[in-house]
Undergrad: 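To start, I am sharing the structure in question, which I have written as structure tokens.
Numbers here are sequence positions counted from 1. Basis for what follows: all heavy atoms, side chains included, without hydrogens, waters or symmetry-related copies. These figures come from a predicted structure and were not determined experimentally. Ligands are counted one by one from 1 in listed order, and the atoms in each one are counted from 1 as well.
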Amino acid sequence: MTRDKFLVFGSPRLEADDIQAVVKVLESGWLGTGPQVKQFEEDFKNYQGAPYAMALNSCTAGLHLSMVALDIQPGAEVITTPLTFCATANAVIHAGGRPVFVDINRATLNIDADKIAAAVTPRTRAVLPVHFAGRPCELDKIMAVAKQHNLKVVEDCAHAIETEYHGRHAGTFGDLGCFSFYVTKNVVTGEGGMVITNNEEYADKIKMYGLHGMSRDAWKRFSDAGFKHYQVLFPGFKYNMMDIQAALGIQQLKKVEKFYQRRLEIWNEYNARLKNLPLILPAPFAPDTKHALHLYTVLLDTDKTSLTRDELLNALVKENIGAGVHYTALHLHPYYRKTFGYRDGDFPNAEYAAERILSLPLSAKLTPEDVDDVVAALEKILG
Ligand SMILES: *Cc1c(COP(=O)(O)O)cnc(C)c1O
């Protein structure tokens with residue numbers, strides 16, 4: 001066994017000041033949505049360069065509310081990638097729409113922007129690209145095809161907090177951008193999410209729909225601003241973020257660049273030390289872009305080894321190394337097959353990647369010894 005203690009995949013880096021910030025909220029007596037959430041929204045929109053930011057209890061909630069804000073109705077089609085987490089497609093379905101998958105580019109693992117136009121029908125209302133692993137999609141092409149066909153764009157930025165494309169942050173290109181602060185993501189609040197937009201109407205809708213459909217700033221009704229009656233304008237959802245979560249998010253966001261630099265070191269080390277193993281390493285970064293380095297994914301080169309991806313995963317666990325699979329092809333899960341008729345072979349590039357892909361630990365929490373252990377385990381298994 002390469003190490004004594006199991007290396008948990010995606011475990012976040014939490015420091016004493018992060019913990020203190022949460023304790024302070026607990027001691028304050030105001031645990032729910034309040035001043036910390038407001039501050040986190042301020043900080044996040046400044047970081048991203050977006051006019052509006054709305055904190056929620058998950059990115060899934062953000063994706064759902066984005067669909068609601070865009071008035072995605074039963075019958076509407078939304079184009080997305082099959083190499084993503086199920087939340088991306090489920091948000092479309094929750095709003096009554098239909099996810100229409102378009103194959104990925106084998107090198108970038110992002111939706112193939114050149115194939116989007118062919119999937120557009122008279123029912124298509126929006127495109128929902130995912131910046132896979134933190135690598136920006138070809139946003140110039142996606143925005144052009146959206147404009148040409150009069151489609152809205154929602155960016156799934158769950159992996160893409162630090163992502164930039166041609167000098168601008170991911171999430172500011174589309175009509176709406178949705179971020180995740182889930183435990184494994186680059187900035188964590190435990191559970192949590194944020195939507196950014198430059199459209200005031202969408203911002204207002206998302207705020208209201210995220211808190212029962214109650215009129216503006218209903219969370220203030222118990223504050224020292226004085227009691228205010230609210231009105232229910234829509235049967236909304238319960239998607240608000242708590243101050244306990246936001247306090248952690250404020251701290252984590254201050255460290256976003258420090259954590260990024262640590263992940264960049266690990267990324268470069270993996271690139272250098274794994275290149276002679278039967279693994280296809282991540283493609284180089286495109287010029288004038290910033291990759292958020294959320295996932296270090298490799299493809300097992302099945303032409304050069306008889307091992308399968310699942311055998312490699314199990315062998316890593318035996319060495320006490322936790323790894324991830326992002327993702328098995330979404331269209332082949334039972335629900336989407338049954339409901340939408342998707343079949344094996346529909347998206348060959350996504351299926352090729354999904355059968356071979358594996359995510360190695362990349363958290364800023366990793367010590368140099370942890371990285372040595374990951375490399376040593378892979379050398380032992382594949383060398
Ligand atoms: C994590 C993730 C989500 C969902 O984020 P939550 O905050 O857990 O709801 C959505 N899309 C992608 C691509 C993700 O990785």
Side-chain angles (χ1 to χ4, degrees), residues 9-12 37 40-41 44 53-68 78-95 99 101-102 104 108-111 126-137 142 153-163 170-171 174 176-196 206 210 237-242 244-246 248-249 252-253 263 291-297 323-331 333 336 350 353-354 357-359 362-363:
F9 178 84
S11 184
V37 169
F40 188 32
E41 289 175 338
F44 197 78
M54 292 72 70
L56 299 165
N57 61 8
S58 71
C59 178
T60 304
L63 291 165
H64 179 208
L65 291 184
S66 295
M67 294 298 131
V68 174
V78 177
I79 291 173
T80 192
T81 168
L83 195 72
T84 185
F85 186 55
C86 58
T88 313
N90 290 351
V92 176
I93 297 166
H94 291 151
F101 297 116
V102 164
I104 60 167
T108 65
L109 306 177
N110 277 327
I111 192 167
V127 187
L128 177 44
V130 178
H131 304 294
F132 181 86
R135 183 187 302 275
C137 294
I142 292 174
V153 175
V154 178
E155 295 173 66
D156 182 336
C157 298
H159 301 177
I161 288 173
E162 304 92 334
T163 301
L176 298 138
C178 303
F179 295 82
S180 174
F181 312 120
Y182 176 66
V183 286
T184 59
K185 300 285 163 52
N186 290 356
V187 165
V188 304
T189 61
E191 298 282 358
M194 190 83 77
V195 181
I196 62 174
I206 285 176
F237 306 91
K238 186 63 166 68
Y239 284 165
N240 55 306
M241 180 182 277
M242 299 190 289
I244 300 175
Q245 297 163 298
L248 187 50
Q252 288 267 305
L253 190 60
R263 293 198 309 281
H291 189 305
L293 314 179
H294 173 54
L295 297 172
Y296 189 92
T297 61
V325 174
H326 302 90
Y327 298 93
T328 57
L330 196 56
H331 65 286
H333 284 256
Y336 313 99
I357 205 159
L358 181 82
S359 303
L362 185 63
S363 167

Undergrad: Would you please name every residue forming a side chain to side chain contact (heavy atoms under 4.5 Å, CB included) with A292, sequence neighbours left out?
TA: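 With neighbours one apart ignored, the set is E162, T163, N186.
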
Undergrad: Give every donor-acceptor pair under 3.5 Å between a side-chain atom in residues 126-135 and any protein atom, sequence neighbours left out.
TA:
from : atom 1 : to   : atom 2 : distance (Å)
H131 : ND1    : C137 : N      : 3.0
H131 : NE2    : E155 : OE1    : 2.8
R135 : NH1    : A283 : O      : 3.4
R135 : NH1    : P284 : O      : 3.1
R135 : NH2    : A283 : O      : 2.9

Undergrad: Considering only N or O atoms, set out every pair between ligand 1 and the protein closer than 3.5 Å, with distances to one decimal place.
TA:
from     : atom 1 : to   : atom 2 : distance (Å)
ligand 1 : 5 (O)  : S180 : OG     : 3.3
ligand 1 : 7 (O)  : C59  : N      : 2.9
ligand 1 : 7 (O)  : S180 : OG     : 2.7
ligand 1 : 9 (O)  : C59  : N      : 3.3
ligand 1 : 9 (O)  : T60  : N      : 2.9
ligand 1 : 9 (O)  : T60  : OG1    : 2.5
ligand 1 : 11 (N) : D156 : OD1    : 3.4
ligand 1 : 11 (N) : D156 : OD2    : 2.8
ligand 1 : 15 (O) : H159 : NE2    : 2.8
ligand 1 : 15 (O) : K185 : NZ     : 3.2
ligand 1 : 15 (O) : Y327 : OH     : 3.1

Undergrad: Give the C-alpha distance, both sets of side-chain angles, the deciding distance and a yes or no for side-chain hydrogen bond (donor to acceptor under 3.5 Å, both in side chains) between T328 and H333.
TA: CA-CA 8 Å; T328 57; H333 284 256; 3.0 Å; yes

Undergrad: Under the side chain to side chain donor-acceptor pair (under 3.5 Å) rule, what pairs show up with a residue in residues 84-95, not counting sequence neighbours?
TA: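 Only T84-T88, T88-D156, N90-Y336 qualify under side chain to side chain donor-acceptor pair (under 3.5 Å).
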
Undergrad: Would you please test L362 and H294 for side-chain contact (heavy atoms from CB on, under 4.5 Å) and show each step?
TA: CA-CA 7 Å; L362 185 63; H294 173 54; over 6 Å; no

Undergrad: Decide yes or no for V102 and T81: does some side-chain heavy atom of the first lie under 4.5 Å from some side-chain heavy atom of the second?
TA: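 Side chain of V102 against side chain of T81, heavy atoms only: no contact under 4.5 Å found.
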
